[in-house]
Asks: 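Take this structure, written in structure tokens, and hold onto it; I'll ask about it next.
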Amino acid sequence: MDEIYDPAAVEAVAQQHWRALDAYRSKENDPRFPKGKFYVCSMLPYPSGKLHMGHMRNYTLNDVVYRFMRSSGYNVMTPMGWDAFGLPAENAAIDKKVAPAKWTRANIADMKAQFAPMGFAFDWSREVATCDPSYYRWNQWLFLQMLKSGVAYRKTQIVNWDPIDNTVLANEQVVDGKGWRSGATVEKREIPGYYLAITRYAEELLETVKTGLDGWPTQVRAMQENWIGRSEGCEISFPFAPDTRAVMETDGALKVFTTRADTLFGATFLAVAAEHPIALAAGKRAPRVAAFIEECARGAVMEAELATQEKKGMATGLHALHPLTGQPVEIWAANYVLMGYGEGAVMGVPAHDERDFEFAHKNRLPIVQVVKSKTGAYDDVREPWIAAYSDYGITVNSGEFSGLEFQAAVDAIAVALEKKGLGKKRIQYRLRDWGISRQRYWGTPIPIIHCDACGVVPVPEKDLPVVLPEDLVPDGSGNPLNKDERFLACTCPQCGKGARRETDTMDTFVDSSWYYMRYCCPDASSMIDGRTDYWMPMDQYIGGIEHAVLHLLYARFWTKVMRDLGLVKFSEPFKQLFTQGMLLAHCYYREDANGKKRWFYPAEVEQQFDERGTPISAVAKEDGKPVIYGGIEKMSKSKNNVVEPGSFIERFGADTARAFVMFAGPPDQSAPWSDSSAEGVHRFLKKLWAFCYQNRERIATAPALVVASLDSGLKKIRHQLHSFLHQALFDFQRIQYNTVVSATMKMLNALDTAAENPAAAPLLREGVSILLRTLYPMTPHVAHVLWVELGYAKELGDLLDAPMPQPAADALQQDELELVVQVNGKLRGRVIVAAQADETAIKEAALADEHVRKFVDKPVRKVIYVKGKLVNIVV
RNA sequence: GCGAAAGUGGCGGAACUGGUAGACGCACUGGAUUUAGGUUCCAGCGGGGUAACCCGUGCGGGUUCGAGUCCCGCCUUUCGCACCA
């Protein structure tokens with residue numbers, strides 16, 4: 001055994017050992033693991049080319065789950081793959097004039113190589129890249145099945161259009177309403193596309209997220225519940241007034257949805273989206289309406305932007321009739337009404353809705369109070385109008401419906417409307433169908449053929465996959481597939497005449513909706529096979545909170561579609577979900593005269609402290625002059641604060657990197673990277689090695705542990721060790737690995753104290769075996785080598801499958817307990833009592849304590865005893 | 001704007017179910033070893049006070065014998081908002 005800890009040597013030995021065993025290849029029903037399967041998986045990464053420490057944190061987390069569960073006796077499988085389609089490859093293509101396929105595949109190779117030193121337990125035999133035809137053909141196949149069942153359908157969609165580059169822009173590519181490359185003001189444009197009817201599953205998606213999925217974080221469940229957004233309300237029709245009838249050339253009605261039918265008598269205007277047919281018809285007649293529609297057509301489609309923009313409106317000059325009073329109500333076009341949500345129209349009740357109030361106030365529309373509070377606080381909301389009263393209350397000014405409470409009013413009005421055929425109760429979801437068409441090259445081709453004679457024709461299953469040509473290089477001016485005759489030209493499967501292929505590709509969320517099922521059978525000749533039934537549903541899914549809604553909702557939806565096609569038997573893909581936090585890093589900059597920031601790498605900066613350890617200033621090493629501390633930020637290239645694993649691992653080893661990213665903070669929260677803190681963890685591993693080296697003979701020759709013969713000092717240390725273990729096992733289960741690392745540090749500190757006692761050898765032998773196995777999931781290399789060197793492998797087997805240690809009952813028991821004594825809830829003393837002492841004796845001992853007596857200057861009113869913890873004396 | 005979280009020493013954080021605030025580590029200070037730097041080891045380390053003690057978990061209220069933890073109202077930061085992944 002070497003005297004000095006040499007991480008490079010240790011890690012080479014351990015990895016060689018695992019490679020020789022092919023240690024992470026998983027197979028179904030492996031008889032070595034009678035407890036059954038455990039499938040743990042991290043959300044697949046986008047192959048951007050560089051792995052930073054943040055990735056390492058995420059996959060270390062995954063790896064700790066793997067090793068802990070395997071040590072607990074499960075047949076664990078953890079795969080890895082690549083979310084290989086998407087926009088960044090096209091941007092790289094524009095920048096570097098390299099085909100996205102080539103760039104992506106080179107990145108995958110790079111990243112895979114960067115994973116190697118970390119010693120992750122990935123089963124690489126299951127690797128999947130979503131840009132491989134063998135994968136995306138099944139996106140196409142399932143899409144065809146969805147077309148057949150009607151889950152997939154064609155409809156127009158609104159996109160961001162860059163009029164200079166003549167291309168559709170992603171929301172990300174719209175900066176302040178302008179195209180990021182051209183600078184042109186972005187316009188909304190309507191084009192046809194494909195949708196998946198996720199709303200068909202709204203009720204089931206909602207029900208399970210509310211009452212099932214108990215292995216998911218509650219905040220994720222809440223976010224999904226709110227995203228689906230079920231609301232009970234009424235659909236109400238306002239029949240066209242003669243002017244509207246004339247313009248629309250029909251006697252229809254303007255339909256709205258509201259959850260506040262009780263306020264119907266307060267509806268003083270109607271607001272429609274700028275794209276609503278009535279607005280468009282009015283625009284043909286009135287130039288000012290047309291101008292307003294055009295104004296609304298500028299600007300982006302993002303909801304956050306729409307919701308924060310100034311509320312603007314324009315009277316259309318048209319009217320509809322109130323369904324119950326028959327009074328004409330003015331129709332306005334408004335920029336805050338969304339065409340894609342509900343009916344694209346709302347009734348405006350300014351007295352009882354803040355947004356309507358703001359709108360009415362600005363446009364001098366009438367405000368009519370129709371609800372008063374039950375307490376009388378808002379009985380009189382007359383002019384001057386200050387605010388809307390949006391709480392539930394009692395109806396007023398509502399004819400025969402006055403004097404009713406909210407629900408009674410809604411019920412009565414709904415009945416009245418239904419009698420007239422002008423409305424009914426209805427459930428409305430906020431959730432919208434999923435538009436999957438992207439006017440982009442680097443994605444799964446949508447398997448559709450356009451024929452002049454037959455129209456839109458699906459590609460026959462036997463012709464799948466529709467292979468994406470891999471040699472095209474986008475130049476920023478639209479989808480290069482539109483110019484690629486080899487791809488475009490085809491024959492119509494129905495009439496056999498020449499036809500054109502669809503050039504839109506699928507949203508990359510399609511790729512990530514089921515890859516985790518393909519990992520189970522990556523070489524299957526169908527979409528999935530029986531092996532998926534063995535591994536799925538996944539036991540532990542790990543990924544960022546940013547995916548709380550979209551990806552996780554799409555994956556749940558996709559699973560249900562597959563279930564309804566008879567492909568899988570389960571309805572939910574992920575039993576447990578863990579949302580990991582981001583790794584952040586310090587950043588430093590200097591500003592030049594023009595306010596332009598120059599960002600320094602942390603390594604170029606020296607932090608200075610005062611004598612109390614408070615950081616006072618940071619200076620650049622190059623000139624000794626101050627730089628500005630920019631705080632702790634997300635790692636990003638532009639801020640030069642990306643921590644790269646390569647050089648760190650070379651200096652300190654993968655185990656230090658792994659242990660530090662686990663130690664830095666709770667795994668579900670963001671944590672900053674710190675070089676010096678990481679070195680502290682390295683010191684711990686060095687200390688561990690040195691301790692094992694110094695005590696190797698004592699451990700090797702230790703007699704068996706006899707608890708009764710330990711002196712009281714060693715007994716106490718043994719109690720500590722097993723308490724730390726007890727806590728660590730709890731923390732392993734709740735995925736709080738930062739405190740597991742702390743526990744191993746405490747164990748080493750305790751063993752260090754024990755080692756001074758000449759009789760400690762049996763305890764050291766037990767303690768080190770506990771310590772190594774507890775530490776192993778975080779730092780497998782050094783744990784493996786020490787395990788072998790100290791002879792534990794011969795006794796307990798390879799560390800990969802050595803069972804997790806369990807705390808001994810005889811160690812957790814104590815003869816004496818230290819109790820805290822409080823007076824009126826404030827800590828005033830401590831007493832030591834026998835473990836079996838009864839409550840009366842304990843209370844007496846507490847009252848007898850001299851520190852306590854000082855504060856008991858009034859009669860004792862009550863004494864509260866919390867078993868094993870404290871006594872509180874109330875005076 | 002809407003939805004979801006987070007806020008504890010100089011720093012990262014600990015305190016699982018209301019019950020000893022600050023475990024473990026970093027930084028810093030003093031000392032030992034070393035020619036020196038680094039390493040290693042020992043001790044100290046929330047604020048105030050000679051002390052007894054007092055004050056302290058973003059801010060303001062409340063519940064409780066007892067609140068970092070529960071409730072109400074604010075402030076700040078982070079994530080998501082449907083074409084970034």
Side-chain angles (χ1 to χ4, degrees), chain A residues 43-46 48 83 86-88 157 159-160 168-174 217-220 222-223 225-227 229 301-309 336 340 355 430-440 507-509 512 544-551 553-554 579 581-582 607 609-616 632 634 660 663-666 668-672 674-681 683-684 686-687 690 727 730-731 734 736 738-739 741-746 749 818-827 830 854 861-864 866 869-870 872-875:
Chain A
M43 292 179 187
L44 84 179
Y46 180 80
S48 61
D83 189 12
L87 209 48
Q157 52 180 348
V159 295
N160 302 305
V168 175
L169 297 178
N171 283 341
E172 186 191 55
Q173 297 172 314
V174 179
T218 48
Q219 73 262 37
V220 174
M223 281 191 257
E225 192 180 329
N226 294 330
W227 184 264
V301 298
M302 282 107 91
E303 192 185 314
E305 200 166 306
L306 294 172
T308 47
Q309 73 192 354
Y336 66 89
R355 212 168 42 172
R430 206 187 73 96
L431 181 69
R432 308 201 291 260
D433 279 345
W434 174 15
I436 58 157
S437 290
R438 296 291 179 273
Q439 296 67 46
R440 271 182 257 295
D507 181 3
T508 53
F509 275 126
S512 55
I545 187 73
E546 66 273 21
H547 296 293
V549 175
L550 291 180
H551 160 60
L553 196 61
Y554 292 149
T579 52
M582 247 184 310
Q607 185 73 57
F609 303 90
D610 69 8
E611 72 285 351
R612 289 174 76 169
T614 311
I616 42 174
I632 297 168
K634 215 191 270 197
F660 176 67
F663 183 60
D668 57 347
Q669 276 164 45
S670 60
S674 153
D675 275 337
S676 55
S677 289
E679 283 177 42
V681 172
R683 266 203 284 278
F684 163 63
K686 278 198 290 192
K687 227 165 95 178
Q727 184 66 40
F730 179 71
D731 290 344
R734 60 170 172 164
Q736 208 186 74
N738 52 328
T739 49
V741 177
S742 295
T744 61
M745 289 171 170
K746 291 180 197 174
N749 291 344
E818 191 187 63
L819 298 182
V820 164
V821 186
Q822 297 178 332
V823 179
N824 287 348
K826 288 201 173 182
L827 173 68
R830 291 157 205 277
K854 269 200 299 194
R861 274 174 40 206
K862 190 153 64 156
V863 180
I864 293 157
V866 182
K869 279 200 175 142
L870 60 73
N872 187 15
I873 299 159
V874 186
V875 299

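Keep in mind it's a predicted model, so treat the numbers as computed, not measured. Residue numbers start from 1 in every chain, and the chains themselves are labelled A, B, ... in the order their sequence lines are given, proteins ahead of strands.
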Asks: If you check every side-chain atom of Asp83(A), which of A85(B), A4(B), C24(B) has the closest atom?
Replies: A85(B)

Asks: Choosing from U40(B), U20(B), G1(B), which nucleotide comes nearest the side chain of Arg830(A)?
Replies: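 Looking only at heavy atoms from C-beta outward on Arg830(A), the closest nucleotide is U20(B).
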
Asks: Using the C1' atom in both, what is the distance from A82(B) to U17(B), to the nearest Å?
Replies: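 Each nucleotide's C1' atom is 39 Å from the other's.
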
Asks: Among the nucleotides C65(B), G1(B), G25(B), which one has an atom lying closest to any side-chain atom of Val874(A)?
Replies: C65(B)

Asks: Can you check the distance between U33(B) and C45(B), where both ends of the measurement are the P atom (answer in whole Å)?
Replies: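 Rounded to whole Å, the distance is 24 Å.
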
Asks: If you check the Gln219(A) side chain, which of A85(B), G13(B), A4(B) turns out closest?
Replies: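 Minimum distance to the Gln219(A) side chain belongs to A4(B).
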
Asks: If I pick the P atom on G47(B) and the same atom on G56(B), what distance separates them, to the nearest angstrom?
Replies: 16 Å

Asks: Side chain of Glu303(A) only, heavy atoms from C-beta on: which candidate in A4(B), C81(B), G19(B) is closest?
Replies: C81(B)

Asks: For the side chain of Arg734(A), counting heavy atoms from C-beta on, which of A23(B), A15(B), G3(B) is nearest?
Replies: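 Of all the options, the side chain of Arg734(A) is nearest to A15(B).
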
Asks: Find the runs of at least 3 consecutive base pairs, i with j, i+1 with j-1 and so on, that include RNA chain B, using Watson-Crick or G-U wobble geometry with both distances under 3.5 Å.
Replies: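 Detected stem regions: B:1-7 with B:75-81, B:10-12 with B:24-26, B:28-32 with B:40-44, B:46-48 with B:53-55, B:58-62 with B:70-74.
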
Asks: To the nearest 0.5 Å, what is the distance between OG1 on Thr508(A) and CG on Leu87(A)?
Replies: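 Separation between the atoms: 9.0 Å.
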
Asks: How long is the span from the OG1 atom in Thr579(A) to the CD atom in Gln219(A), to the nearest 0.5 Å?
Replies: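 Answer for the OG1-CD pair, Thr579(A) versus Gln219(A), is 5.5 Å.
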
Asks: Any base atoms under 4.0 Å from Pro666(A), or only sugar-phosphate, or nothing? Heavy atoms, all strands.
Replies: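 Sugar-phosphate: the residue Pro666(A), judged by heavy atoms under 4.0 Å, touches backbone atoms but no base.
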
Asks: Using a heavy-atom cut-off of under 4.0 Å over every strand shown, decide if His547(A) touches base, sugar-phosphate, or nothing.
Replies: base

Asks: Heavy atoms under 4.0 Å, any strand shown: does Val159(A) hit a base, just sugar-phosphate, or nothing?
Replies: base

Asks: With heavy atoms under 4.0 Å as the rule, sort Phe663(A) into base, sugar-phosphate or nothing.
Replies: base

Asks: Would you mind classifying the nucleic acid contact of Val549(A) as base, sugar-phosphate or nothing, using non-hydrogen atoms under 4.0 angstrom?
Replies: nothing

Asks: Give me the distance, rounded to whole Å, that separates U34(B) from A21(B) when you measure between the P atoms they each carry.
Replies: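 Looking at atom P only, U34(B) and A21(B) are 44 Å apart.
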
Asks: Ile873(A) near the nucleic acid: base, sugar-phosphate alone, or nothing, with a heavy-atom cut-off under 4.0 Å?
Replies: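 Touches nothing.
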
Asks: Mark yes or no for a side-chain to base donor-acceptor pair under 3.5 Å between Gln309(A) and G1(B), with no hydrogen or angle criteria applied.
Replies: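 Checked by distance alone, the answer is no.
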
Asks: Within the 4.0 Å heavy-atom criterion, would you say Asn872(A) contacts the bases, only the backbone, or no part of the nucleic acid?
Replies: base

Asks: Give me the distance, rounded to whole Å, that separates G48(B) from A43(B) when you measure between the C1' atoms they each carry.
Replies: 23 Å

Asks: Considering only A82(B), A85(B), C55(B), which nucleotide approaches the side chain of Lys826(A) most closely?
Replies: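 Side chain of Lys826(A) sits closest to C55(B).
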
Asks: Could you tell me whether Gln439(A) contacts a base, only the sugar-phosphate backbone, or nothing, with contacts defined as non-hydrogen atoms closer than 4.0 Å?
Replies: base

Asks: By the 4.0 Å heavy-atom rule, please label Ser437(A) as base, sugar-phosphate, or nothing.
Replies: base

Asks: As an exercise, state the distance from NZ of Lys686(A) to CD of Glu679(A), rounded to the nearest 0.5 Å.
Replies: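 Spacing of NZ (Lys686(A)) from CD (Glu679(A)) equals 8.5 Å.
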
Asks: Residues two or more places apart in sequence or in another chain: which of them pass salt bridge (Lys or Arg N to Asp or Glu O under 4.0 Å) with Glu546(A)?
Replies: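 Per chain and number, Glu546(A) pairs via salt bridge (Lys or Arg N to Asp or Glu O under 4.0 Å) with no residue.
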
Asks: Arg683(A) CZ to A27(B) P: how many Å, rounded?
Replies: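 Rounded to whole Å, this separation is 5 Å.
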
Asks: Can G37(B) be described as syn, meaning its chi torsion is within 90° of 0, or is it anti?
Replies: anti

Asks: Under 4.0 angstrom, heavy atoms only, what part of the nucleic acid is Asn749(A) near: base, sugar-phosphate, or nothing?
Replies: sugar-phosphate

Asks: Taking the minimum atom-to-atom distance to the side chain of Leu827(A), which one of A85(B), G1(B), A21(B) wins?
Replies: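 Taking heavy atoms from C-beta onward, the closest nucleotide is A21(B).
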
Asks: Under 4.0 angstrom, heavy atoms only, what part of the nucleic acid is Ala304(A) near: base, sugar-phosphate, or nothing?
Replies: base

Asks: As a test of reading the structure: which of A82(B), C24(B), C65(B) is closest to the side chain of Asn171(A), going by heavy atoms?
Replies: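 Side chain of Asn171(A) sits closest to A82(B).
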
Asks: Is Ile864(A) touching bases, backbone alone, or none of the nucleic acid, heavy atoms closer than 4.0 Å?
Replies: base

Asks: Would you indicate what Val168(A) reaches in the nucleic acid, counting non-hydrogen atoms under 4.0 angstrom: base, sugar-phosphate, or nothing?
Replies: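 Base, at least one base heavy atom under 4.0 Å.
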
Asks: Would you mind telling me which of G1(B), A82(B), A14(B) lies closest to the side-chain atoms of Thr308(A)?
Replies: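 That would be G1(B).
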
Asks: Would you measure the distance from the C1' atom in G30(B) across to the matching atom in U20(B) and give it in whole Å?
Replies: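 Approximately 29 Å lies between the C1' atom of G30(B) and that of U20(B).
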
Asks: Within the structure shown, what part of the strands sits under 4.0 Å from Phe730(A) by heavy-atom distance: base, sugar-phosphate, or nothing?
Replies: base

